[in-house]
Amino acid sequence: MNLKAYLSETIDIALVSLGFPKKLITVERPKNPDFGDYSCNIALTIAKEAKQKPIQLAEKIKKVLILNEDWVSQVSVTPPGFINFTATDNLYQSFVYDIISQKINYGKTELGKGISANVEFVSANPTGPLNVGHGRQAVLGDTIANILEWHGYDVKREYYYNDAGRQMRILSESVAARYFMEIGKITEFPEDGYRGEYIRDIAKNIIENHGNDLEKDDSIFLNVAEETIFQDIKNTLSFLDIHHDTFINEKSFYESGAIEKILEDLSSENLIYEKDNATWFKATSVGNEQDRVFIKSSGEPTYRLPDTAYHRNKFERKFDWIIDIFGADHVDTFPDVLAALKALNYDINKVKVCIHQFVTLIKDGEKVKMSTRRGDFVTLKDLTDQLNKDVVRYFFIMRSMNSHLNFDLDLAKDQSEKNPVFYLQYAYARICNTIRYAEKSKAIFNNKFDSSLLCHPSEIDLIKTLSQFSEMMKNVLDTLEPQNISTYLQTLATKYHKFYTDCRIVSSDHQLTNSRLNLILAVKFVLSSGLRILGISSPERM
RNA sequence: GCCCCGGUAGCUCAGCUGGAUAGAGCAACAGCCUUCUAAGCUGUGGGCCACAGGUUCGAAUCCUGUCCGGGGUACCA
């Protein structure tokens, strides 16, 4: 039963009967519970055209409303002209039956049925270990994928990497340099090389397995480095329970001719020109700020060209929805790719780009300074070595991606009540424990319960929160802002703990006990769904 | 210079597709365990929602400008 939709319709009918023109009706939940459960501002919005005072208009509308008394217990008008509705306890109580019957499917939709979505995230080049920023992106991307799956979308998690450009060449040179330094042939390390300790490890490994008489440009350096680093990346992601369905590399677009095809097609649209020995894309003619180089004077393409080929490839694979998760350092890169695709007549409305801001690590109350050059940056692996998966995932998802994230290592490490993850998990564990207790004490616990017994304010409040779950999940789909889930779960846990404190669940009153056990079972389903979408485990005991 | 993100309680942040009295956690202080897990609950204090204009019946939310912080502005990715 969707009360919101019901109220909209009912108000609509009332307006027609009063002779007002059709108008979009919005029904919202007021923040202040004194104003009931739902509230409508229609009288305020039409007051001007109707040339009447909003408050009188609201009264008029209220008078002609025909509402089902089983669902709405009270209608009131408050200044400046809101019409407020209070749902019956009965209506809320009925949610408990809904949840109990749908179990962990409660709140799921089929909005995405038959729709395919490609979610690209992490996409770090295999030149070194993942950093904490990648961690944020990894969790964000995986959670967004989970949200889509929840709504029935057919989701592919994708990882794209550049294995053809400058960076990989530098990687190869860095490993080769360490190799020759290890065997004493050279002493100089390249100025722009990767200095991390992992490069030395790879070099040592090559000496062990391939001897010490390799040539400087042997492909072994790159191959072993790429494989080793990729394995490391996958292990780190796997610790966070993140698994990509597809890995796509830049090279394949050269091999398939897709890169050339882009140039040809853009050329025929007159969007490619030569200047200063380089090949340019005329981004300005499709509304962007400046033209961009697609092929450098050295003959090497910039990342924009293969990226465009890659995104065209996503269109060619017939994805209905293409979601890119990028870090803030990429803000300037995608508009050109989108412009090129638009010029090639692709519907870029299908592409949704999610940009997340940076992550700062806080330790002992201070920012941890990180430098890739010095090689003393904190990697994602460092983080996962110290913290469990649930904590890492939660800390990365609990803030809006638009905000800078301060990752407080001390709070994350804290195994006490201060840690917000445990608050959620504790609610779940408490439920499990109570259910075990009920079973042990042979309490009656079946689905023939009387929900009208659940009338304590804490019970009604808890049920109201439960009833908002599907609305929240729908909103998260529209906005792709997963932090709303963690905010919601915090609220739900709070209401549960409050209820637990106020109401004895297993008691000598068998009817009430059964009803309350069903209520906490409903909470268990919703908590478990929410945690699962966030990729956080639901512990039976703590 | 230009572009993007942010500026909300002492700290970290929700709320931002306009609604009524701006929320949470942490920190501080005061309480609650012979009863299903106190990793919990209750209470107190704490705010010119950066600033200034504008739009509106109504602005933390939208628009403009200013200031502060972060990122970008490459023939790096």
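Chain A is the first sequence line, chain B the second, and so forth, proteins listed ahead of strands; every chain is numbered from 1. As the structure is a prediction and not an experimental result, all values here were calculated from the model.
Residue-level contact check: A/Ala47 touches neither bases nor backbone, having no heavy atom under 4.0 Å from any strand. If you check every strand for non-hydrogen atoms under 4.0 Å, A/Asp291 touches nothing. Note on A/Thr78: a base of the nucleic acid sits closer than 4.0 angstrom, heavy atoms only. Contact annotation for A/Ala429: base contact, defined as any heavy-atom pair under 4.0 Å involving a base atom. Residue contacts for A/Asn125: at a heavy-atom cut-off of 4.0 Å it reaches the sugar-phosphate backbone alone, with no base atom in range. Residue A/Gln290 is classed as a sugar-phosphate contact, given heavy-atom separations below 4.0 Å to backbone atoms only. Residue A/Cys503 is classed as a base contact, given a heavy-atom separation below 4.0 Å to a base. Note on A/Arg166: only backbone sugar-phosphate atoms sit closer than 4.0 angstrom, heavy atoms only; bases stay farther off. Using a 4.0 Å heavy-atom cutoff across all strands shown, A/Asn419 reaches no nucleic acid atom at all.
The ring pair (Phe, Tyr, Trp, His ring centres under 6.0 Å) test with A/Phe247 singles out one residue from A/Phe230, A/Tyr161, A/Tyr160, and that residue is A/Phe230.
Side-chain to base pairing of A/Asn32 with B/U21: one donor and one acceptor N or O lie within less than 3.5 Å of each other. The base of B/A20 sits with one of its N or O atoms less than 3.5 Å from a complementary donor or acceptor on the side chain of A/Asn84. Between the side chain of A/Ser39 and the base of B/A20 there is at least one donor-acceptor pair of N/O atoms closer than 3.5 Å. Residue-to-nucleotide contacts include no donor-acceptor pair under 3.5 Å from the side chain of A/Ser298 to the base of B/C75. Side-chain atoms of A/Asp502 stay outside donor-acceptor range of the base of B/U42, with no qualifying N/O pair under 3.5 Å.
Between A/Lys314 and A/Glu158 there is no salt bridge, since no side-chain N of the basic residue sits under 4.0 Å from a carboxylate O of the acidic one.
Between A/His497 atom NE2 and B/C32 atom P the separation is 21 Å, expressed in whole Å.
Nearest to the side chain of A/Glu481, among B/C57, B/U21, B/G15, sits B/G15.
Rounded to the nearest Å, the gap between the P atom of B/U44 and that of B/A22 is 16 Å. On the P atoms, B/G46 is 11 Å away from B/G10, given to the nearest whole Å.
OP1 or OP2 of B/C13 has at least one side-chain nitrogen or oxygen of A/Asn406 nearer than 4.0 Å. A/Lys31 has no side-chain polar atom (N or O) that falls below the 4.0 Å cut-off from OP1 or OP2 of B/A22. When the side-chain nitrogen and oxygen atoms of A/Tyr423 are compared with OP1 and OP2 of B/C41, one or more of them lie within a distance under 4.0 Å. OP1 or OP2 of B/C76 sits under 4.0 Å from a side-chain N or O of A/Lys296.
Relative to the ring axis of A/Phe281, A/Arg304 does not place its NZ or CZ within 45° and under 6.0 Å from the centre.
A side-chain N or O of A/Asn84 and one of A/Thr78 form a donor-acceptor pair less than 3.5 Å apart.
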